[in-house]
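If you're wondering where the values come from, they're calculated on a predicted model, not measured in any experiment. Chain letters run A, B, ... following the sequence lines, proteins first and then strands; every chain starts at 1.
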Amino acid sequence: MKPYLQDLLTQALTAACAALGKDTPAVTPVIDATKDKSHGDFATNLAMACAKPLGLPPRKLAEMLLAHLPASERVAKVEIAGPGFINFFLTGDAVTAVVPEILNTGESWGQDLSGAKGKVMVEFVSANPTGPMHVGHGRGAAYGDTLANLFAATGYAVHREYYINDAGRQVDVLTMSVWLRYLEEGGVAFSFPKRGYPADYIKFTAAKLRAVHGSAFQHPLEVVFEGLGVEPQVPEGADDKTKDTIKLAQEKYADGLIDRARKLLGAHYGTITQAALADQLATIRSTLESFNVRYDQWFSEQSLVDSGFAKTAIERLKAKGFVYEKDGAQWLKTTDFGDEKDRVLFKADGAATYFANDLAYHVDKLDRGYPLLVDVWGADHHGYIARVRAAIEMLTGRKDALHVALMQFVTLSSGKMGKRSGNFVTLQDLIDEVGPDSTRFFYLSRSHDQHLEFDIDLARSQSNDNPVFYVQYAHARICSVFKQLAEKGGVHDEALGLASLARLDTDEEKTLLTALARYPELLRVAAANRTPHTLAFYLQELAAALHGYYNQHKFLVDDAALQAARLTLIRATQTVLRGALGLLGVKPKDSM
RNA sequence: GCGCCCGUAGCUCAGUCGGAUAGAGCAACGGCCUUCUAAGCCGUGGGUCGCUGGUUCGAUUCCAGCCGGGCGCACCA
């Protein structure tokens, strides 16, 4: 409807300008759905926007525009209001026209599934395979998956990918931790390193290794800890500087243990690593599956190292002259492209940084033919955006190839999570307690750049306050109406309903029709702005319109034409509810 | 110190690339079930949109500077 009105206004503006003998200002009319019914269905500020360039008072110009506005059978009335708004009142037929459209298309109404806008890759979650996902990761999962759905529904060919950080120091810490727990399984006792991963999920892998490999990885404690000294501990009430110093020393201590593990275990080291990664990834995959999240591809960081691409990708940057050496390390000149300082690619010891591999990964994505990359990251990684974007610009010359969506922090009402505390609330716990539907909807009930307070106690109690029930209830009520009809032996005559849409003239029906008509544009905006939460809010609005309608009017009535019209309307509503819930990854309920 | 995000009702949050009297849920209060599911509906109260300037017909929205909160500023990942 908006493009249609836009077209009418453009014609009017051109004609009015011609009559004035002036050039037509280069403005596209902005059409807004009105908040207030007394302002009609749509309004435009065109007269105010063009008042200055044309040198006319807004209301005077608005009158001229109306005089040149082409007649339309969809527009019942046009009037000038306030400082110069032009308000459009649609005819009843124009308002109900949305109903047959919806019913003809089905749940995908409002969606463009052609993929014609090109390829887009959405990389999301990519949680480190060193432990289970926590509630913060859940936000990225709900967001990324729904955003991908929205892209797919608005004309893009979407690829969903998970980047597995299975290379680098953290994997060594993981391996070392499993090994130490394995040693404990052998009946020895020692103080577990502070910078290791102590949790139960580590013990699980350790126990499995002992069951399969027996004591093949066993070594005497004297040998394991020989020459490492005593691990320093952070004293009570230490200041930040002291804490940092001691934490660094603890990292060194952990490095010593990692070296020891490599030396003593030899080829077995890799066996432990593979077992640990496999267990952690299995847990993550299983959690995501129970969260109704599917990926097209799981991409291994290690595979980039093994194939040599991690190095060859950097060679391209070198060839372009963006890499230089300083203090024995290889640096990338990201400051040329807006970063605040240059970044190390290869350390003085020759090892690649995480950044180097991540860069190679993004190069690989571009090589695979994705002109648009969307990364979903935690807000704590925001400082990382500039360097990746700089590198991509070096290679492609484009600033806009990468979009990073930052997930602000999730806090629990019962305090913040600690990733290494060992007994934090995992995403799996949350899903098990609340169910995947409510959890997804709750995550998407906030803008991603807003801190999210996840009231875990409320969620655990399965309270009715959760908005997802409200939306599902609307769907269930519609189902119930049709069930009642069938039980009474009635049949819904859709043809009669479509022929009788003119009978839908109450305020509640108009509100519902307006909400339905808004859906296609809402999808476009939600995808373009990457704001899936607007879809969650829309669903609540649509459900509210349905509930209001339900309470005010009976659908199963004696008047056959009226009943058919009303049932046709709620059938269309049900169709849109199902389509929108599908995009959110939430299942509709037939009964509560 | 520098950078990113945020500041809207008692609480949790929306506010569609600047629009008309700023919205929803929860909480408070008052109504509505012999009638398609009351997990619902209708109504009432509740606001200097952090502060101060600027841009203009018009600013919660854009800009600048303050104040307050969160998160980052590694040859870690």
Using the [atom1] atom as the point on both nucleotides, what is the distance between [M] and [N], in whole Å?
N	M	atom1	result
B:A28	B:G46	C1'	10 Å
B:G7	B:G15	P	10 Å
B:U60	B:C6	C1'	14 Å
B:G25	B:C42	P	8 Å
B:G50	B:G10	P	13 Å
B:C62	B:A24	P	23 Å
B:C73	B:A77	C1'	16 Å
B:A39	B:C26	P	13 Å

Name every donor-acceptor pair, under 3.5 Å, that has one atom in a side chain of residues 167-175 of chain A and the other anywhere in the protein, sequence neighbours excluded.
{"unit_1": "A:Arg169", "atom_1": "NH1", "unit_2": "A:Asp255", "atom_2": "OD1", "d": "2.2"}
{"unit_1": "A:Arg169", "atom_1": "NH2", "unit_2": "A:Glu251", "atom_2": "OE1", "d": "2.2"}
{"unit_1": "A:Gln170", "atom_1": "OE1", "unit_2": "A:Asn128", "atom_2": "ND2", "d": "2.8"}
{"unit_1": "A:Gln170", "atom_1": "NE2", "unit_2": "A:Asn165", "atom_2": "O", "d": "3.0"}
{"unit_1": "A:Asp172", "atom_1": "OD1", "unit_2": "A:Arg262", "atom_2": "NH2", "d": "3.0"}
{"unit_1": "A:Asp172", "atom_1": "OD1", "unit_2": "A:Tyr269", "atom_2": "OH", "d": "2.6"}
{"unit_1": "A:Asp172", "atom_1": "OD2", "unit_2": "A:Arg262", "atom_2": "NH2", "d": "3.1"}
{"unit_1": "A:Thr175", "atom_1": "OG1", "unit_2": "A:Val171", "atom_2": "O", "d": "2.8"}
{"unit_1": "A:Thr175", "atom_1": "OG1", "unit_2": "A:Thr273", "atom_2": "OG1", "d": "2.8"}

Answer with base, sugar-phosphate or nothing: what part of the nucleic acid does [X] contact at a heavy-atom distance below 4.0 Å?
X	answer
A:Phe346	nothing
A:Lys488	nothing
A:Asp358	nothing
A:His553	base

From [options], pick the nucleotide closest to the side chain of [X]?
X	options	value
A:Arg477	B:G40, B:C73, B:A77	B:G40
A:Leu556	B:C36, B:C73, B:A77	B:C36
A:Asp327	B:C41, B:C57, B:C75	B:C75

Once you round it to whole Å, what is the distance between [atom2] of [N] and [atom1] of [X]?
X	N	atom1	atom2	value
A:Leu546	B:A39	CG	P	15 Å
A:Ile385	B:C4	CD1	P	11 Å
A:Tyr549	B:C42	OH	P	15 Å
A:Trp331	B:A74	CH2	P	10 Å
A:Gln330	B:A74	CD	P	21 Å
A:Phe469	B:A38	CZ	C1'	16 Å
A:Asp559	B:C36	CG	C1'	16 Å
A:Lys483	B:U37	NZ	P	8 Å

Between A:His553 and A:Glu508, a side-chain donor and acceptor under 3.5 Å: yes
Results of ring pair (Phe, Tyr, Trp, His ring centres under 6.0 Å) for [X] - residues two or more places apart only:
X	answer
A:His39	none
A:Tyr550	A:Phe555
A:Tyr538	A:Tyr519

All pairs passing side-chain hydrogen bond (donor to acceptor under 3.5 Å, both in side chains) where residues 330-340 of chain A contributes a residue, at least two apart: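 side-chain hydrogen bond (donor to acceptor under 3.5 Å, both in side chains) check on residues 330-340 of chain A returns A:Glu325-A:Gln330, A:Thr334-A:Asp339, A:Thr335-A:Asp342, A:Asp339-A:Arg343.
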Most 5' of A:Ala348 and A:Tyr473 on RNA chain B, judged by nearest nucleotide: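 Nearest nucleotide further toward 5': that of A:Tyr473.
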Residue mapping more 5' on RNA chain B - nearest nucleotide basis, A:Gly548 or A:Phe482: A:Phe482
Which residues share a salt bridge (Lys or Arg N to Asp or Glu O under 4.0 Å) with A:Lys2, sequence neighbours left out: A:Glu521
Qualifying residue, where the test is ring pair (Phe, Tyr, Trp, His ring centres under 6.0 Å) with A:Tyr361 and the options are A:Tyr162, A:Phe355, A:Tyr163: A:Tyr163
Heavy atoms from other residues, nucleotides or ligands near CG of A:Asp558 exceed 12 (cutoff 6.0 Å): no
Short side-chain N/O contact from A:Tyr384 to OP1 or OP2 of B:G3, under 4.0 Å: no
Just distance, no hydrogens or angles: give the donor-acceptor pairs under 3.5 Å from side chains in residues 44-63 of chain A, sequence neighbours left out.
{"unit_1": "A:Thr44", "atom_1": "OG1", "unit_2": "A:Val30", "atom_2": "O", "d": "2.9"}
{"unit_1": "A:Thr44", "atom_1": "OG1", "unit_2": "A:Leu46", "atom_2": "N", "d": "3.2"}
{"unit_1": "A:Arg59", "atom_1": "NH1", "unit_2": "A:Gly82", "atom_2": "O", "d": "2.5"}

A:His533-A:Tyr443 aromatic ring centre distance below 6.0 Å: no
Chi class for B:C33: syn within 90° of 0, otherwise anti: syn
Pair pattern of RNA chain B in dot-bracket, where unpaired bases get dots and | marks partners in another strand, Watson-Crick or G-U under 3.5 angstrom: (((((((..((((.....[...)))).(((((.......))))).....(((((..]....))))))))))))....
Min side-chain heavy-atom separation A:Gln540-A:Val471 under 4.5 Å: yes
base_contact_polar (B:G3 base, A:His382 side chain, donor-acceptor, <3.5 Å): yes
Nucleic acid footprint by protein, nucleotides 5-23 of chain B - heavy-atom cut-off 4.0 Å, B for base, S for sugar-phosphate alone: SS-----SSSSS--BBB--
